[in-house]
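Here is the structure we will look at, set down as structure tokens.
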Amino acid sequence: MNPDEIRKEVSEWLDANWTPDRSLIEWRNMLLEGGWAAPDWPEDCFGRGFNAEQAAVVNEVFAEKGAVSAAQVGPRRLAAETILVHGSEDQKKRYLPPILTGEHAWCQLFSEPGSGSDLAGASTRAELVDGQWIINGQKVWNTSAHHADYGILVARTDWDLPKHQGLSYFLINMRQPGVEARPLRQMNGHASFNEVFMTDAVIPAEDLMGGEGNGWAIATTTLSIERQGFARGRTPTASRKPTEGPIYQELATELEIANEPYTWYPQREGRIDLVLPRAKETGAIEDPAVRQEIARLMCLSNGARLAAASAAAQRKSGSNEVIPAGSIGKLGASVIARQAAHVHTMISGADAMLSGPDSAEEGMIAETLISVPAISIAGGTDEIQRNIISERVLGMPKEQRSDTGPFRDIKRNVT
Amino acid sequence: MQIEYTEDQEQFREVVSRFLQAKSTPIDVRRLMASNEGYDQAVWQQLCGEVGLAGTHIPEEYGGFGFGPIELGIVSEEMGRHLYCGPFFASSVMAGYALLNGATEAIKSAILPDIASGDRIATLVLDNLNNPEKVGSVLKANDEHVVSGTAPIVVDAHIADLLIVAASTSDGLGLYLVNADADGISIKPEEALDPTRKISRVSFDGVSSERIGGLNEESLNLTWDQICNALAHEMIGGAQHLFESTVEYTKVRVQFGRPIGSFQALKHRCADLLMELEFAKAATHHAAFCLATSEGEPFAASMAKAMASDTYMEAARAGVQLRGGIGFTWEEDTHLWYKRAKSSEVFMGSAHMHRERMMKMIEIAPSHNTGEQP
Ligand SMILES: Cc1cc2nc3c(=O)[nH]c(=O)nc-3n(C[C@H](O)[C@H](O)[C@H](O)COP(=O)(O)OP(=O)(O)OC[C@H]3O[C@@H](n4cnc5c(N)ncnc54)[C@H](O)[C@@H]3O)c2cc1C
């Protein structure tokens, strides 16, 4: 379908169906049935098989008409897109619709106190007892776990196999007595991530995904989806035009909860949108040193954007010389965030000593300066991205390993 | 606006690349850089005749191919990759663009066909290669079209038939046509840091010339952008060659019982460099796409040149460093590209100048597209 046909079809459908008077869940179920909840998903999986451009047209029309779309915020997308690739028919049917309707929020239970970068070293234990998986162990840094209904979980099902082979991938219900999420306070004062304790938590046998022992391969899918998200970034969304009707109230409540862990995410990307306005307002734009650094930042951010666009175009045209954009984009996002924080610091001068409501941009600059360190850690550190780029993209030889053989015998952190 | 090359453009690249791979090997480069002329006439004639590259961006009505900055970028990128030695950049790119933007119809019709065919070699004489704002501060022409002054760095003037001289006049920057053997001209070959690009010092001691047009602020800046676009492509081609050959070297050189490419310090340096190179390459291709349609960010060419300057040198430094002692020898080829990188870094404006130029463009036209807003 070309953009005009899509625009016509979605407009007609919205004109016939959209009204702010329905309840949120009723409306989202209609979206699901109409195939407009996730148009970029496959046709046999609640979608229409649209490519990114086609899906963007749908989003545009929704935005123009002020129509509410499927639930988006948080790690639910990470879960959904992994289930799309690796889930069984039954798992897709049970888990994908409530993700789109907003009934289920998800979190990512990968990192542990003893293994972060080394995700394959996870030591959360999963044992099959009387046809159910019993989970014991601790996860950490899990964003949104305190609101989540479900989690994607990597746990060890075999301790005698080499580390990558003994892992399995589960879909776990967070609302059960054996799971406890405790928010952790971050260096920027927010508490979006948690530590999650699992004590004899229960997972039905059918919620192991992709077969026992295949956890590593599936986790790799999740991580690569996550990296692409970092590279795309999230600019702060302009406030919607005033909209009235009961559904907007419900949506506002939903977003207030769902967005709560993410209010600082635009700041961790460096708030490049504030650089020029601040430089002009403070007069720092007259300073030749500041000008150089602003221009450097522009080079980086435009370079990253253009490289991603050209990689995407090449992927579409099926070129085999494609640079996997995820890791380069994620590394780029870190470099850009750091450069932006550097520029903001130069612009602010001693004012950068302040934070809170009286400080620049009502505290947003200060929050930027103390939030950017997150972006080079979350979703795989810069160092890990450099390992991936050098080994998988450039084909440089792998590091010598000291973690082969049965997992049981490998040196680990004492926890 | 384009975001990737068309199939035709990819095929064109193939043709150019195959030609240069055969005709511009490191052995050829070494032979030519040691020679006085600095280029191989037979190869130049083939390049202009059979392959027709010298007229890539020159309109068909003036005997060229009628392609634009994108195809010129492709040619330049491949030339940079293979370190092609010859008057292409001086004659086709620099003089060609100055004539296209500033000369009268009659002159364009008279000279451009010869530039496109390679029958005559021209070069653009600028008294300042640092900043377009400073062009015309030394070379002057009086109302009788007598040119005086010295241009300390003129590429390929030693083999040029025609000099296209930008000199300031009572009514702005004029363009003058001077035969290289005219009375009062001295062309003194200089020692170039990059011996693959020959440089002369050109002095005009009251040379009677023909006024063939002029460049105003807009057309001078356009010319500068177009030249920078070609140059940035050339630099990206060179940077890619250096990067690829360096990564390959780390896979085969063994120390401490393992390939040096398995050491993380080297891997991370290469990963960072790949990112920088991908960004600079995308920005450079984008500059050509912008120039082709006169759309996009007004500073696209300066952005490309600033990024190419930094990235080419970064690749050159890594190229030497990651090879160790052999990288510092005359015998190994890395220094050929290192020197091209160093000299290109400052040719037509340093990264600093171009970043400042970007900032000015943003300030002049605040409503203009600044790309992804920083
Ligand atoms: C804001 C935020 C949100 C997060 N959200 C989630 C979430 O929702 N779910 C989840 O599961 N996790 C989450 N994480 C965790 C994140 O994925 C890990 O913190 C990260 O992968 C690093 O692991 P680690 O903290 O154990 O550090 P470590 O792995 O111990 O790393 C410490 C240092 O050693 C370096 N290092 C480690 N291995 C290597 C190597 N092979 N080569 C070179 N250097 C190396 C690292 O780069 C780092 O600098 C989040 C983290 C942050 C900061």
Side-chain angles (χ1 to χ4, degrees), chain A residues 233 235 270 272-277 279-280 285 288 290-314 316-317 319 323 325 327-329 331-332 335-336 339-340 343 382-383 385-391 393-400, chain B residues 2-5 7 10 243-244 247-248 250-251 257-264 266-287 289 297 299-300 302-304 306-307 310-311 351-352 354-360 362-363 366 370-374:
Chain A
T235 17
I272 54 179
D273 59 317
L274 295 178
V275 165
L276 272 183
K280 286 179 184 159
I285 193 130
V290 172
R291 295 166 74 82
Q292 284 292 316
E293 295 307 312
I294 294 177
R296 265 185 224 276
L297 174 61
M298 287 173 55
C299 288
L300 280 170
S301 75
N302 281 303
R305 174 177 61 85
L306 295 164
S310 116
Q314 283 175 47
K316 224 171 62 190
S317 65
S319 161
I323 299 281
S327 289
I328 293 176
L331 192 55
V335 175
I336 291 165
Q339 175 67 8
V343 173
D382 279 8
E383 289 74 21
Q385 303 314 319
R386 292 188 181 101
N387 289 350
I388 294 174
I389 293 167
S390 55
E391 289 176 8
V393 182
L394 298 176
M396 296 174 81
K398 289 203 189 287
E399 199 83 16
Q400 277 170 342
Chain B
Q2 255 178 272
I3 49 170
E4 61 170 336
Y5 294 110
E7 221 160 279
E10 290 294 357
F243 179 67
E244 287 160 17
V247 169
E248 285 318 304
T250 70
K251 294 180 189 175
R258 54 198 263 206
I260 55 169
S262 68
F263 292 111
Q264 208 175 47
L266 271 53
K267 285 162 117 166
H268 284 196
R269 184 156 176 185
C270 289
D272 284 336
L273 196 47
L274 176 67
M275 183 192 78
E276 196 179 328
L277 187 53
E278 286 297 314
F279 289 4
K281 185 170 80 179
T284 298
H285 294 171
H286 179 67
F289 299 148
E297 303 81 9
F299 54 78
S302 265
M303 183 164 79
M307 294 174 83
D310 288 345
T311 304
H352 262 80
H354 280 287
R355 285 191 288 262
E356 177 56 32
R357 192 161 172 258
M358 287 172 72
M359 293 304 290
K360 287 211 180 82
I362 289 168
E363 281 173 316
T370 58
E372 206 175 3
Q373 272 252 328

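To find a chain, count down the sequence lines: A is the first, B the second, and so on, and within it residues start at 1.
- Contact between Ala307(A) and Phe279(B) at its shortest, heavy atoms only, is CB-CD1, 3.8 Å.
- Listed here is the closest heavy atom pair of Leu306(A) and Met303(B): CD1-CE, 4.2 Å.
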TODO: Go through Met307(B) and Leu300(A) one step at a time and tell me if the side-chain contact (heavy atoms from CB on, under 4.5 Å) criterion holds.
DONE: CA-CA 9 Å; Met307(B) 294 174 83; Leu300(A) 280 170; 5.9 Å; no
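- Nearest approach of Pro397(A) to Lys251(B), heavy atoms of both residues: CD-CG, 4.2 Å.
- One finds the OG atom of Ser390(A) at 12.5 Å from the CG atom of Leu273(B) (value rounded to the nearest 0.5 Å).
- When each of Arg258(B), His352(B), Glu244(B), Met358(B) is scored by its heavy-atom pairs under 4.5 Å with chain A, the top score falls to His352(B).
- Separating the CG atom in Asp310(B) from the SG atom in Cys299(A) is a distance of 8.0 Å, to the nearest 0.5 Å.
- Considering only heavy-atom pairs separated by less than 4.5 Å from chain B, the leading option among Gln292(A), Gln385(A), Glu391(A), Gln400(A) is Gln292(A).
- The main-chain N or O of Ile388(A) is never found under 3.5 Å from a side-chain atom of Lys267(B) such that the two would form a donor-acceptor pair.
- Taking the charged nitrogens against the carboxylate oxygens, Glu297(B) and Arg305(A) do have a contact shorter than 4.0 Å, which makes a salt bridge.
- For Val335(A), the part lying near chain B is the side chain, with the backbone staying farther off; criterion is any non-hydrogen pair under 4.5 Å.
- Contacts between Glu383(A) and chain B at a heavy-atom distance below 4.5 Å involve backbone atoms as well as side-chain atoms.
- With sequence neighbours excluded, the residues satisfying ring pair (Phe, Tyr, Trp, His ring centres under 6.0 Å) with Tyr5(B) are His285(B), Phe289(B).
- Residue Asp272(B) holds its CG atom at 5.5 Å from CG of Leu331(A), rounded to the nearest 0.5 Å.
- Of all the listed residues (Arg355(B), Glu248(B), His286(B)), the one sharing the greatest number of non-hydrogen pairs under 4.5 Å with chain A is Arg355(B).
- Heavy atoms of Asp382(A) lying under 4.5 Å from chain B are absent altogether.
- From Met359(B), atom CE reaches atom CD of Glu293(A) across 11.0 Å, with rounding to the nearest 0.5 Å.
- Here Phe299(B) contributes atom CZ and Met298(A) contributes atom CE; the two are 3.5 Å apart, rounded to the nearest 0.5 Å.
- No other option in Asn387(A), Ile389(A), Ile336(A) has as many heavy-atom pairs under 4.5 Å with chain B as Asn387(A).
- Looking at His268(B), the atoms closer than 4.5 Å to chain A (heavy atoms on both sides) sit in the backbone and in the side chain alike.
- For the atom pair CG (Leu274(B)) and CZ (Arg386(A)), the distance works out to 12.0 Å, reported to the nearest 0.5 Å.
- The greatest number of non-hydrogen atom pairs below 4.5 Å with chain A, out of Gln264(B), Arg269(B), His354(B), is found for Gln264(B).
- With sequence neighbours excluded, the residues that form a salt bridge (Lys or Arg N to Asp or Glu O under 4.0 Å) with Glu356(B) are Arg291(A), Lys360(B).
- Taking 4.5 Å as the limit, every side-chain heavy atom of Ser262(B) sits out of range of all side-chain heavy atoms of Lys398(A).
- For Met275(B), the parts lying near chain A are the backbone and the side chain together; criterion is any non-hydrogen pair under 4.5 Å.
- Residues Ile3(B) and Ser310(A) share a closest heavy-atom pair of O-CB, 3.9 Å.
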